[in-house]
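Index from 1, following the sequence. Quick caveat: nothing in here was measured; it's all calculated off a predicted structure.
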Amino acid sequence: MEISGPRGTHDILPDESALWYYIETNLRQMAELYGYSEVRLPIFEHTELFERGVGDSTDIVQKEMYTFEDRGKRSLTLRPEGTASCARAFIEHKVYNQAQPTKWYYIGPMFRYDRPQAGRYRQFHQFGVEAFGSQDPNVDAEVIAILVRIVEKLGIKNAELHLNTVGCPDCRPLYRERLLQYLTPFAGELCNDCQQRLNKNPLRVLDCKTTHCREVVKDHPTLHSYLCERCGQHFEQVKSMLSSYKVDFVLDSQLVRGLDYYTRTAFELLIPDLGAQAAVGGGGRYDGLIEECGGPPTPGIGFAMGLERLLLAARKQASQAWKIPPVMEVFVAVADKEYDRDACLLLDRIRQAGIKADKDYLDRSLKAQMKYAGKNEARLVVVIGEDEIKNDCYILRDMKAKEQQDVPSSQIIDRIKSILVTS
Ligand code: AMP
């Protein structure tokens, strides 16, 4: 019986993993440019962490977690996102006692039991950054700038940054009451999920994606006129900094996160080309999260972006322009099988010099070897034949320039290097 991969998972085969490697290298470089260091955290955590850190009224916790009991009867969950684990590690290792801010990034698989479709998987990958320990609005602007600059650097156009503020526990309750007053007369028209949200978490009704709920909330009161002075100033500073960075944004009063530990800035980056799953990344400030997870009061802000969606967008628009390194730089071909041992030894010299090289292992003819080298985009082919062995030299063919030259064995590595440097 043939066994296929579980629904909602996908294999990344070598053709594609080159693109992944390229994207991941760019993500790491970008995060490090801004002073963020990598954390590597477990793929599973105690279920309670996500109930508290993501919020037990959220769709993720209510419907989407891969939760299981291990052999010791503990309830564990495959991580559905990265922020809760970062908060846990920040508290567990008392990182709050070190000089702040703490700037971390992570990259890796996440798991959500959701209905799979283009751009939505059950195992997917996120890259995220978290900055703990500072309330400075310039940190908000920095975090948002990273998200935008990544997409720009990968050559993806038309990304749209949506920005909002969700206030703080001082100013939000008044707004919550006002919103509830507005929504209550429409209660019967809302979708089932929103009817539940209405009491637990009315701000989240604003974020519902169903057409009818969107219609209902069209004229909702906005939080902006209820903001306390400090939240108002914070938002002004974030917007002003983003404008100075020439990062365009759209104010979007429906972009919300309903839980108490989310504060102030909320943002999302959309790539309309992606259709129904247009959100490529999103995040916000969560000044109450570390406390919620059992740590000392510590402000924080971060975002997570989905790599599958980033890749989809890149594939539609930009990936041809990326410089993906070829699998091999040099191919060593033999005119006859009897020079195979010489080919292996030369290959070893080339590889030891730090150059990606390979040879034939299927007894192909010389012509077929050249074709194989071309298919693998090898820039150079070294040919070993009878004359070459006799004269202790090789034919070095530049596949791009379509030229070849005889090179003495003692000079072959230097000659290869000098051509590769200029390519
Ligand atoms: P979230 O943690 O829900 O704010 O998601 C952050 C980003 O992760 C989204 O903007 C998506 O790009 C990506 N993402 C979330 N859920 C999925 C999924 N099921 N499949 C693929 N990507 C996802």
| query | Can you name the residues that form a salt bridge (Lys or Arg N to Asp or Glu O under 4.0 Å) with Arg415, not counting sequence neighbours? | reply | none
In the structure I gave you, are the side-chain heavy atoms of [X] and [Y] within less than 4.5 Å of one another anywhere?
{"X": "Glu160", "Y": "Val250", "answer": "yes"}
{"X": "Val332", "Y": "Tyr394", "answer": "no"}
{"X": "Tyr105", "Y": "Met30", "answer": "no"}
{"X": "Asp336", "Y": "Glu386", "answer": "no"}
{"X": "Leu270", "Y": "Val280", "answer": "no"}
{"X": "Arg364", "Y": "Leu366", "answer": "no"}
{"X": "Arg204", "Y": "Asp59", "answer": "yes"}
{"X": "Leu380", "Y": "Asp398", "answer": "yes"}

Distance from [X] atom [atom1] to [Y] atom [atom2], nearest 0.5 Å?
{"X": "Gln352", "Y": "Arg349", "atom1": "CD", "atom2": "CZ", "result": "10.5 Å"}
{"X": "Ser409", "Y": "Ile389", "atom1": "OG", "atom2": "CD1", "result": "9.0 Å"}
{"X": "Leu346", "Y": "Ile413", "atom1": "CG", "atom2": "CD1", "result": "6.0 Å"}
{"X": "Ile107", "Y": "Glu38", "atom1": "CD1", "atom2": "CD", "result": "7.0 Å"}
{"X": "Leu154", "Y": "Asn26", "atom1": "CG", "atom2": "CG", "result": "5.0 Å"}
{"X": "Leu347", "Y": "Met328", "atom1": "CG", "atom2": "CE", "result": "9.5 Å"}

Short question: side chain of [X], backbone of [Y] - any donor-acceptor pair under 3.5 Å?
{"X": "Tyr261", "Y": "Arg52", "result": "yes"}
{"X": "Lys73", "Y": "Arg71", "result": "no"}
{"X": "Glu130", "Y": "Trp104", "result": "no"}
{"X": "Asp70", "Y": "Gly72", "result": "yes"}
{"X": "Gln100", "Y": "Gln98", "result": "yes"}
{"X": "Gln254", "Y": "Leu206", "result": "yes"}
{"X": "Arg309", "Y": "Ala279", "result": "yes"}
{"X": "Glu81", "Y": "Ala84", "result": "yes"}
{"X": "Arg79", "Y": "Glu45", "result": "no"}
{"X": "Asn376", "Y": "Tyr372", "result": "yes"}

Taking the basic N atoms (NZ, or NE/NH1/NH2) and the acidic carboxylate oxygens, is any pair closer than 4.0 Å for [X] and [Y]?
{"X": "Asp392", "Y": "Lys390", "result": "no"}
{"X": "Lys359", "Y": "Asp340", "result": "yes"}
{"X": "Lys316", "Y": "Asp273", "result": "no"}
{"X": "Arg88", "Y": "Glu48", "result": "no"}

Please determine which of [options] meets the side-chain contact (heavy atoms from CB on, under 4.5 Å) test together with [X].
{"X": "Arg397", "options": "Lys402, Gln405, Arg379", "answer": "Lys402"}
{"X": "Tyr121", "options": "Glu308, Arg7, Arg112, Met110", "answer": "Glu308"}
{"X": "Phe267", "options": "Asp252, Leu242, Val238, Leu163", "answer": "Leu163"}

| task | Check step by step if side-chain contact (heavy atoms from CB on, under 4.5 Å) holds for Thr165 and His224. | result | CA-CA 8 Å; Thr165 175; His224 296 165; 3.9 Å; yes
Does a sphere of radius 6.0 Å around [atom1] in [X] hold more than 12 heavy atoms from other residues, nucleotides or ligands, not counting ones at 6.0 Å or beyond?
{"X": "His46", "atom1": "NE2", "value": "no"}
{"X": "Phe44", "atom1": "CZ", "value": "no"}
{"X": "Phe68", "atom1": "CZ", "value": "yes"}
{"X": "Asp15", "atom1": "CG", "value": "no"}
{"X": "Lys200", "atom1": "NZ", "value": "yes"}

With no hydrogens and no angle check, do the side chains of [X] and [Y] hold a donor and an acceptor under 3.5 Å apart?
{"X": "Ser253", "Y": "Thr222", "result": "no"}
{"X": "Gln277", "Y": "Gln117", "result": "yes"}
{"X": "Tyr66", "Y": "Gln123", "result": "no"}

What's the shortest heavy-atom distance between [X] and [Y], and which atoms?
{"X": "Val166", "Y": "Thr263", "value": "CG2-C, 3.8 Å"}
{"X": "Leu223", "Y": "Gly167", "value": "CD2-N, 3.5 Å"}
{"X": "Ile43", "Y": "Pro109", "value": "CD1-CG, 3.7 Å"}
{"X": "Lys356", "Y": "Pro325", "value": "NZ-CB, 3.9 Å"}
{"X": "Leu49", "Y": "Cys293", "value": "CD1-SG, 4.4 Å"}
{"X": "Leu41", "Y": "Ala89", "value": "CD2-CB, 3.8 Å"}

| Could you walk me through whether Arg149 and Leu33 pass the side-chain contact (heavy atoms from CB on, under 4.5 Å) check? | CA-CA 11 Å; Arg149 299 283 188 243; Leu33 267 184; over 6 Å; no
| task | Measure from NZ or CZ of Arg264 to the centre of the six-membered ring of Phe235, then state whether that distance is under 6.0 Å and the direction lies within 45° of the axis. | result | no
| field | All side chain to side chain donor-acceptor pair (under 3.5 Å) counterparts of Thr265, not counting sequence neighbours | value | Asp140
| With sequence neighbours left out, what residues match Asn138 under side chain to side chain donor-acceptor pair (under 3.5 Å)? | Gln237
| message | Show, in sequence, the C-alpha distance, side-chain angles and deciding distance for Met399 and Met370, and conclude whether the side-chain contact (heavy atoms from CB on, under 4.5 Å) test is met. | response | CA-CA 9 Å; Met399 303 285 275; Met370 298 305 281; 4.2 Å; yes
| Just one of Asp193, Asp114, Thr58 clears the side-chain hydrogen bond (donor to acceptor under 3.5 Å, both in side chains) bar with Lys63, so which one? | Asp193
| message | Would Glu24 and Phe127 count as a side-chain contact (heavy atoms from CB on, under 4.5 Å) here? Give the steps. | response | CA-CA 8 Å; Glu24 285 163 0; Phe127 161 80; over 6 Å; no
| said: Over 60° means perpendicular and under 30° means parallel, so tell me whether His10 and Trp20 are parallel, tilted or perpendicular. | reply: tilted
| Parallel under 30°, tilted from 30 to 60°, perpendicular over 60°: which one fits the rings of Phe132 and Phe90? | tilted
